[in-house]
Asks: 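Here it is, the structure in full.
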Amino acid sequence: MLQDVYMMADRDDDDDSDIGIKLETRTKTKRPPLYKVMILNDDYTPMEFVVHVLERFFSLTHDQSVEIMLAVHKKGLAVVGVFSHEIAETKVALVMDLAARHQHPLQCTMEKE
Ligand code: TYC
């Protein structure tokens, strides 16, 4: 934990009774960084497989999954979710593992937001 120590200034009155070191501490809590998880287009992975992956691992509805899959198909890639480092890493591994087991070249990556 990072802590700061502040010096308290003397106020401009005639006595110096309030000069001193204020040992107030403040705990800095940083939010953990977030990671975008993306899927990339390729020429071989079947559209239905990509839709299935989006529904299964990214809690998207069927309609949302079709929309994102088509966006990736047209534009090359899309962000499919934003997660903590550990969750993002797990999602990428699950997608890559399922794709490999079905011999599809689908790529899933993560990037710090
Ligand atoms: N381009 C693929 C096809 O025409 C479909 C596809 C979409 C593949 C999204 C990957 O991330 C992807 N079968």
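Count residues from 1 along the sequence. Nothing here was measured: the structure is a model prediction, and the numbers come from that model. Counting starts at 1 for both ligands and their atoms, following the listed order.
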Asks: Just to verify, which of V66, D63, I68, L60 counts as forming a side-chain contact (heavy atoms from CB on, under 4.5 Å) with V51?
Replies: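 So, applying the side-chain contact (heavy atoms from CB on, under 4.5 Å) to V51 and each of V66, D63, I68, L60, only V66 qualifies.
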
Asks: Measure the NE2-CE distance between H52 and M69 for me, rounded to the nearest 0.5 Å.
Replies: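 Here the rounded value is 14.0 Å.
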
Asks: Kindly compute the distance separating CZ (F83) from OG1 (T90), expressed to the nearest 0.5 Å.
Replies: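 Between F83 CZ and T90 OG1, I get 10.5 Å after rounding to 0.5 Å.
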
Asks: Nearest 0.5 angstrom please: L70 CG to K75 NZ, how far?
Replies: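 L70 CG to K75 NZ: 11.0 Å, rounded to 0.5 Å.
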
Asks: Tell me whether the count of non-hydrogen atoms from other residues, nucleotides or ligands lying under 6.0 Å of CD in E113 goes above 12.
Replies: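 Atom CD in E113 is crowded, with more than 12 foreign heavy atoms closer than 6.0 Å.
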
Asks: Pairs under 3.5 angstrom, nitrogen or oxygen on both sides, ligand 1 versus protein: list them out, please.
Replies:
{"residue": "ligand 1", "atom": "1 (N)", "partner": "N41", "partner atom": "OD1", "Å": "2.8"}
{"residue": "ligand 1", "atom": "1 (N)", "partner": "D42", "partner atom": "O", "Å": "2.7"}
{"residue": "ligand 1", "atom": "1 (N)", "partner": "H73", "partner atom": "ND1", "Å": "2.9"}
{"residue": "ligand 1", "atom": "4 (O)", "partner": "H73", "partner atom": "ND1", "Å": "3.4"}
{"residue": "ligand 1", "atom": "11 (O)", "partner": "L40", "partner atom": "O", "Å": "2.7"}
{"residue": "ligand 1", "atom": "13 (N)", "partner": "T45", "partner atom": "O", "Å": "2.9"}

Asks: Please state whether the rings of Y35 and H85 are parallel, tilted or perpendicular, taking 30° and 60° as the class boundaries.
Replies: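 Rings of Y35 and H85: perpendicular, as their planes differ by over 60°.
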
